[in-house]
Amino acid sequence: MSAPSVLERIQALDAYAPGLSIAEIRRRHGLEKVIKLASNENPLGASPLAQEAIRRNAGLAFRYPQGGNPRLTGALARMHGVARERVALGNGSDEIIDLLIRMLAADGKHTIACFDPCFSIYPIQARVAGVGLRRLPLRGDFSQDLDGLAALADASTRLVFVTTPDNPSGYCPPREEVARLAARLAETAPKALLVVDEAYMDFAEDEADLSLLHAGPLPDNVAVLRTFSKSWGLAGMRLGYGILPAAIADGFWRSRLPFSINVLAEEAALAALEDSAFRAATLETVRTGRRALADGLRRLGCEVWPSEANFLMFRLPEGHDAKGCFEGLLARGVIIRPLTSYGLPQHLRVSVGTPEENAAFLKALAEELDAGARS
């Protein structure tokens, strides 16, 4: 039997399922107001400076961006104290993940290791590329067994993915354990790149103590990914970046599609980096709101997992069905995230919103739980 074609592999995939849109739920339920707490977006919106930069530069929409985006790569290099040659920019960090897989792992020859569940783009793009996939289940408390993950890697392994804080649980492994994983991989899987996805690291209570990017020079076999979609409030502009080993960064820029970062995204990102007041307000809103949401969910009898991200994973009180509750919340104008696609049909995830949105969600959830108890 011949090996499946790329198209056949793609047709067999469970595609990434984005969160429902506000407009869709308005139409479906005839609602005027809908709150979306499903996609881990910035609760305060976009930086005012970024919005102004988009308006100011709208007339440049007919121009191609400057090749290599030197202003933005330079700004990020200065912010993180790394050489500009190590900075890679992508149309979302998804583009970087996809290109790393296609650059480093060969169809039918190499393997990739990650946890189960994890961010779905890792296994999806691995399968599209025809690369062997090795997955280690998370522990029962959703913590990560990094020693066990290292044991999956061998001479065939080209990439190992770790998300910290993790999605959907918000778990953040100790930085020392991540560094130890890198050291072990250097010995047992010498050609493997450890990709540490820190998309949500900004929201940690102590980022400097948890982030490998803050621990000094990165090990030679480590890449760290970040995004402008979350704390910087630019999810719709599609912009992510990575700090990569220099040789891999060079290969990335050679193979990346030209101009994947558009003019307005770059201008918005440069302005957002200057908006320290907005960033500080975002982090304070999320950290304060995360504590308030966790307390409110527990008062309603839910089991809530500790989180260092801008979302919380929770399970309803015994006797309540997650799918029914999710649908009931939609009818009440609140969108959260069901976790069936993560293999967790009785778990839900809620993004941290503004104080008003958090309160509205908790009120709607209380009403839904009460209605469920009476039915």
Side-chain angles (χ1 to χ4, degrees), residues 16-17 19 38-41 92-94 96-97 112-126 133-150 152-153 159-182 185 194-207 209-215 222-227 229-231 240 242 286-287 290 293-294 297 303-315 336-352:
Y16 176 78
S39 299
N40 307 331
E41 295 153 336
S93 51
D94 297 349
I96 303 176
I97 293 165
I112 288 172
C114 59
F115 285 107
D116 185 12
C118 67
F119 181 41
S120 61
I121 294 300
Y122 313 148
I124 287 175
Q125 297 311 117
L133 192 61
R134 298 175 178 177
R135 305 190 69 176
L136 179 70
L138 295 172
R139 296 188 180 108
D141 62 356
F142 290 90
S143 63
Q144 298 170 343
D145 178 3
L146 296 183
D147 289 335
L149 186 66
L152 293 184
L159 292 129
V160 177
F161 287 98
V162 171
T163 310
T164 173
D166 200 12
N167 183 11
S169 73
Y171 170 80
C172 199
R175 182 171 68 192
E176 296 74 18
E177 291 186 12
V178 181
R180 188 170 70 241
L181 171 61
L185 289 173
L194 173 60
V195 181
V196 183
D197 192 340
E198 292 191 350
Y200 299 100
M201 183 59 77
D202 325 51
F203 301 111
E205 290 290 346
D206 191 348
E207 178 185 352
D209 189 53
L210 291 170
S211 169
L212 202 60
L213 200 52
H214 282 268
V222 170
V224 175
L225 303 183
R226 292 284 182 111
T227 182
S229 294
K230 310 304 178 184
S231 66
V286 168
R287 290 167 183 160
R290 184 170 61 205
L293 269 179
L297 285 166
E303 182 178 7
V304 184
W305 276 262
S307 173
E308 295 283 356
N310 65 335
F311 54 80
L312 291 169
M313 184 176 75
F314 65 100
R315 187 162 54 197
I336 63 171
R337 185 77 164 184
L339 297 180
T340 303
S341 63
Y342 287 86
L344 302 169
Q346 289 306 316
H347 293 68
L348 298 163
R349 192 190 71 196
V350 60
S351 306
V352 179

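Nearest approach of A153 to L185, heavy atoms of both residues: CB-CD2, 3.6 Å. Contact between S307 and A309 at its shortest, heavy atoms only, is OG-N, 3.0 Å. Pairing each heavy atom of A150 with each of L181, the nearest pair is CB-CD1, 3.5 Å. The shortest heavy-atom contact between S351 and S39 is OG-N, 3.5 Å. The heavy-atom pair separating I96 from G242 by the smallest distance is CD1-N, 3.6 Å. Across all non-hydrogen atoms, the minimal contact from L348 to P338 is CD2-CA, 3.8 Å.
Once rounded to the nearest 0.5 Å, the distance linking OG1 of T340 with NE2 of H347 reads 11.0 Å. In this structure, the separation between CG on L149 and CZ on R135 is 11.0 Å, given to the nearest 0.5 Å. In this structure, E308 CD and S169 OG are separated by 10.5 Å, a value rounded to the nearest 0.5 Å. Rounding to the nearest 0.5 Å gives a distance of 11.5 Å between CD of E205 and SG of C172. Atom CG in D116 sits 8.5 Å away from atom CG in L136 (nearest 0.5 Å). Separating the CE atom in M201 from the CD atom in E207 is a distance of 7.0 Å, to the nearest 0.5 Å.
Using a 4.5 Å heavy-atom threshold, the side chains of F115 and V160 count as separate. The closest side-chain heavy-atom distance from F203 to V352 is not below 4.5 Å. Taking the side chain as every heavy atom from C-beta outward, L138 and Y171 never approach each other to under 4.5 Å. Under the 4.5 Å side-chain criterion, counting only non-hydrogen atoms from C-beta, F314 is not in contact with L293. Side-chain atoms of R134 and I112, non-hydrogen and from C-beta on, never get closer than 4.5 Å to each other. Side-chain contact between L344 and M313 is present, with heavy atoms from C-beta onward closer than 4.5 Å. The shortest distance between side-chain heavy atoms of R290 and N310 does not fall below 4.5 Å. Here the side chains of I97 and V195 are not in contact, with every heavy-atom distance at 4.5 Å or above.
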Can you check side-chain contact (heavy atoms from CB on, under 4.5 Å) on C114 and L133, steps first, answer last?
CA-CA 8 Å; C114 59; L133 192 61; 4.0 Å; yes

May I have the step-by-step check of side-chain contact (heavy atoms from CB on, under 4.5 Å) for K230 and D202, ending in yes or no?
CA-CA 9 Å; K230 310 304 178 184; D202 325 51; 5.8 Å; no

After noting the C-alpha distance and the side-chain angles of N167 and Y342, does the key distance pass the side-chain hydrogen bond (donor to acceptor under 3.5 Å, both in side chains) rule?
CA-CA 10 Å; N167 183 11; Y342 287 86; 3.3 Å; yes

Please test Q125 against D94 for side-chain contact (heavy atoms from CB on, under 4.5 Å), starting from the C-alpha separation and ending with a verdict.
CA-CA 9 Å; Q125 297 311 117; D94 297 349; over 6 Å; no

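In this structure, F311 has its ring center closer than 6.0 angstrom to the ring center of Y200.
Formation of a donor-acceptor pair under 3.5 Å by the R287 side chain with backbone atoms of A204 is found in this model. R175 places a side-chain N or O within 3.5 Å of a backbone atom of S211 that can act as its donor or acceptor partner. Side-chain N or O atoms of E198 include one that pairs as donor or acceptor with a backbone N or O of L212 at under 3.5 Å. The main-chain N or O of V350 is never found under 3.5 Å from a side-chain atom of R337 such that the two would form a donor-acceptor pair.
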